[in-house]
Amino acid sequence: MSKTSLDKSKIKFLLLEGIHPSAVEVLRSAGYSQIEALSGALPEPELKAKLAEVHFLGIRSRTQLTREVLAAAPKLVAVGCFCIGTNQVDLEAAAEQGVAVFNAPYSNTRSVAELVLAEAILLLRGVPEKNAVAHRGGWLKSADKSYEIRGKTLGIVGYGSIGTQLSVLAEGLGMQVLFHDVVAKLPLGNARQAANLPALLAQSDVLSLHVPELPSTEWLIGAAEIAAMKPGAVLINASRGSVVVIEALAEALRSGHLLGAAVDVFPEEPRSNQDTFESPLRGLDRVILTPHIGGSTLEAQANIGLEVAEKLVKYSDNGTSTSAVNFPEVALPGQRGQHRILHVHRNVPGVLSQINRVFSEQEINIAAQYLQTRGDIGYVVIDVDAASSELALEQLALVPGTLRSRVLF
Ligand SMILES: NC(=O)c1ccc[n+]([C@@H]2O[C@H](COP(=O)([O-])OP(=O)(O)OC[C@H]3O[C@@H](n4cnc5c(N)ncnc54)[C@H](O)[C@@H]3O)[C@@H](O)[C@H]2O)c1
Ligand SMILES: O=C(O)[C@H](O)COP(=O)(O)O
């Protein structure tokens, strides 16, 4: 057997941020034993130190994988984001390092939609304030500014996986649904796409945000947008903390322009449950504050654990990169007795011909070859006879433009 393929017992997994044990079960049953699972995120120096030896990393939304942090991970093969968002990872830097990044795009969407709908009901009834007053010994029995959700207009910004589920659930409760998205979307049920964001703001009784963190969504909802909302409307943000100017929201709540708000995500979030949460929204009775738990249900977390761990196992075991978010996607069959060379390279003219020249010059027979490119990255997978894999890998590593190569058997 070739000495170049890493034995499973030597492959190290580091799982951070309390990833569900279902992930560990998947990894163990696939034959991996070196799995370190920690309940929180790590401070950057500690993270860098650990990453020196890690092959596969599992994170959630908290861990920031910057270019600098990734540079401290020379052995890293893939990252699993055990969540939807991948904004915490410098995806370009990861790809340039030949590191594939995976996520779980659907498993927690229902959990978010359910939470938002519950919050919409509570906010329109003024429950957060009545609850806070009762906790202080007061009694706010009144129908003033308390409304049914039936017949109200829900405005959804971002009509993707979560926005569409919310749309269907809200219609079930008799809401009218309007949405705004940067792309034309098929409206579900009786939902309608608003002409633009200002039109949505002007008509919504409940405005709920479901956009990803992107340069174009940063501070999407600021003072001007909040001022353009209907007086007495409520705002719900379970997307990302960078989408809403939090001081502007606090001001609109203090002035009474907005009836209430529910916020799950913040520009600055504590690293762990031991750290203090600071926000201008603290102490405002008409706000529901939740600690980024939109996707934190046992059902969602168990499913995410399975889904992402399976993607990491497939990529580790046979090179399949289907559904990677930064990397060419290749669905591969089993190796059928051969050794499999995986070669990640810069997608520039001439690399593939140089790779093939290696095989012809060294007289190595290619049993199968798969190629896919994505942006600046090329991923070629070549099945060869067992006896030739060590030589092939050695030679391929010398091809200019090579980012990473490994062999599987
Ligand atoms: N609070 C939580 O725990 C939690 C849980 C899951 C997801 N999230 C966040 O919710 C986000 C949305 O999740 P999803 O699964 O629905 O994503 P998605 O990618 O399926 O949908 C996002 C939608 O937003 C649209 N969009 C992008 N930019 C926009 C803009 N400027 N204006 C209007 N629409 C725009 C896209 O076209 C897309 O339709 C995630 O990216 C994540 O950040 C938070
Ligand atoms: O992107 C997501 O799926 C959510 O923000 C959930 O993140 P979490 O796994 O850190 O709760």
Side-chain angles (χ1 to χ4, degrees), residues 1-12 51-57 67 70-79 91-102 311-322 324-409:
M1 280 228 168
S2 158
K3 284 175 269 158
T4 47
S5 182
L6 201 53
D7 197 274
K8 276 193 178 181
S9 66
K10 297 205 172 71
I11 296 182
K12 290 191 180 161
L51 284 180
E53 293 302 323
V54 163
H55 300 97
F56 290 88
L57 174 66
R67 185 175 285 276
L70 287 164
K75 298 181 180 174
L76 195 62
V77 175
V79 173
L91 296 175
E92 205 178 290
E96 283 171 17
Q97 218 171 295
V99 173
V101 180
F102 299 90
K311 288 178 184 180
L312 294 180
V313 166
K314 268 195 188 164
Y315 187 56
S316 178
D317 283 1
N318 97 333
T320 287
S321 58
T322 317
V325 298
N326 69 333
F327 204 76
E329 292 186 60
V330 182
L332 297 164
Q335 280 112 296
R336 294 188 299 262
Q338 284 106 10
H339 283 193
R340 173 164 287 171
I341 314 279
L342 311 172
H343 187 265
V344 187
H345 54 265
R346 285 189 195 289
N347 182 24
V348 290
V351 176
L352 193 62
S353 65
Q354 292 200 53
I355 289 172
N356 286 330
R357 194 175 314 134
V358 165
F359 285 84
S360 76
E361 281 174 6
Q362 302 295 332
E363 295 183 358
I364 299 170
N365 184 45
I366 295 177
Q369 188 176 48
Y370 314 86
L371 168 76
Q372 193 54 267
T373 62
R374 175 172 179 161
D376 295 338
I377 306 296
Y379 179 40
V380 65
V381 179
I382 306 162
D383 289 349
V384 297
D385 290 341
S388 319
S389 68
E390 197 168 344
L391 175 65
L393 189 68
E394 216 175 80
Q395 293 294 312
L396 285 181
L398 303 175
V399 170
T402 298
L403 295 171
R404 169 183 294 275
S405 47
R406 62 188 175 118
V407 63
L408 302 173
F409 52 83

Donor-acceptor contact present, side-chain [X] to main-chain [Y], <3.5 Å:
X      : Y      : result
Gln97  : Leu70  : yes
Ser389 : Ile341 : no
Asn347 : Thr373 : no

Distance in Å, [X] [atom1] paired with [Y] [atom2], rounded so as to fall on 0.5 Å steps:
X      : Y      : atom1 : atom2 : result
Gln335 : Phe409 : CD    : CZ    : 10.0 Å
Gln362 : Glu394 : CD    : CD    : 8.5 Å
Ile382 : His343 : CD1   : NE2   : 8.0 Å
Leu393 : Ser388 : CG    : OG    : 12.0 Å
Ile377 : His345 : CD1   : NE2   : 9.0 Å
Glu53  : Lys12  : CD    : NZ    : 5.0 Å

Test item: Leu396 and Thr402 side chains (from C-beta on) under 4.5 Å apart, heavy atoms: no
Taking C-beta and beyond as the side chain, do His339 and Leu408 meet within less than 4.5 Å on heavy atoms? no
Distance-minimising heavy-atom pair for [X] and [Y]:
X      : Y      : answer
Ser321 : Phe327 : CB-CD2, 4.0 Å
Phe102 : Thr322 : CE2-O, 3.7 Å
Thr320 : Leu332 : OG1-N, 3.1 Å
Gln354 : Pro400 : OE1-CD, 3.4 Å
Asp383 : Arg340 : OD1-NE, 2.7 Å

I'd like to check the side chain to side chain donor-acceptor pair (under 3.5 Å) partners of Asn356; sequence neighbours left out, ordered by chain and number. Gln369
Apply side chain to side chain donor-acceptor pair (under 3.5 Å) to Arg67 and list each qualifying residue two or more places apart in sequence or on a separate chain. Glu96
Distance under 6.0 Å and angle within 45° of ring axis: Arg406 vs Tyr315: yes
Is the number of heavy atoms from other residues, nucleotides or ligands under 6.0 Å of Asp376 CG greater than 12? no
Does CD belonging to Glu92 count more than 12 external heavy atoms closer than 6.0 Å? no
